[in-house]
Amino acid sequence: MPQTWYVTFEVQKRGTLPKRRSPRETRTFESEAEARTFAREKFNEGLIVFAGTLNPFLPRRLIPSSDIPSWIEQGRGDEITGPDAKRDPEK
């Protein structure tokens with residue numbers, strides 16, 4: 001399965017650098033659920049996190065750092081209910 005989601009997060013500064021650079025790192029994931037889980041870990045560490053879909057995946061989505069907490073919470077409901085929640089309990 002191709003990588004369709006990315007999570008970008010700030011990297012903690014380690015020592016001094018001779019010249020200024022962007023202190024970010026990006027990881028890619030096959031599913032939104034995997035990306036959301038990783039983003040939650042980094043967000044809980046107190047890091048600034050962005051997420052979104054990779055080109056050419058459609059529909060394109062961008063989750064800015066200000067929307068990460070609500071995006072993470074949307075996934076929490078999916079994890080609690082899980083795939084079995086859609087089954088009819090009578091069957």
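What you see is a predicted model, and the numbers here were worked out from it, not measured in a lab. When a residue number appears, it is its place in the shown sequence, counting from 1.
Here the closest non-hydrogen pair linking S31 and T4 is N-OG1, 4.5 Å. Nearest heavy-atom pair across A35 and W71 is C-CH2, 3.9 Å.
Applying the side-chain contact (heavy atoms from CB on, under 4.5 Å) criterion to P64, with sequence neighbours excluded, gives S66, D67. Remark: F29 pairs with F38 by the ring-ring contact (aromatic ring centres under 6.0 Å, His included) rule, at least two apart or across chains. In this view, T8 and T26 satisfy the side chain to side chain donor-acceptor pair (under 3.5 Å) rule, not counting sequence neighbours. The side chain to side chain donor-acceptor pair (under 3.5 Å) search around E41 returns none, not counting sequence neighbours.
Within the 4.5 Å cutoff, the side chain of E34 has no heavy atoms near those of the T37 side chain.
Separating the CD atom in E73 from the CZ atom in R36 is a distance of 10.0 Å, to the nearest 0.5 Å. Here I68 contributes atom CD1 and F43 contributes atom CZ; the two are 8.0 Å apart, rounded to the nearest 0.5 Å.
In terms of modelled atom types and a separation under 3.5 Å, the side chain of E10 and the main chain of I48 share a donor-acceptor contact.
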Sequence neighbours left out, cut at 3.5 Å: what donor-acceptor pairs do the side chains of residues 51-63 make with other protein atoms?
| residue | atom | partner | partner atom | Å |
| --- | --- | --- | --- | --- |
| T53 | OG1 | R61 | N | 2.8 |
| R61 | NH1 | E32 | OE2 | 3.2 |

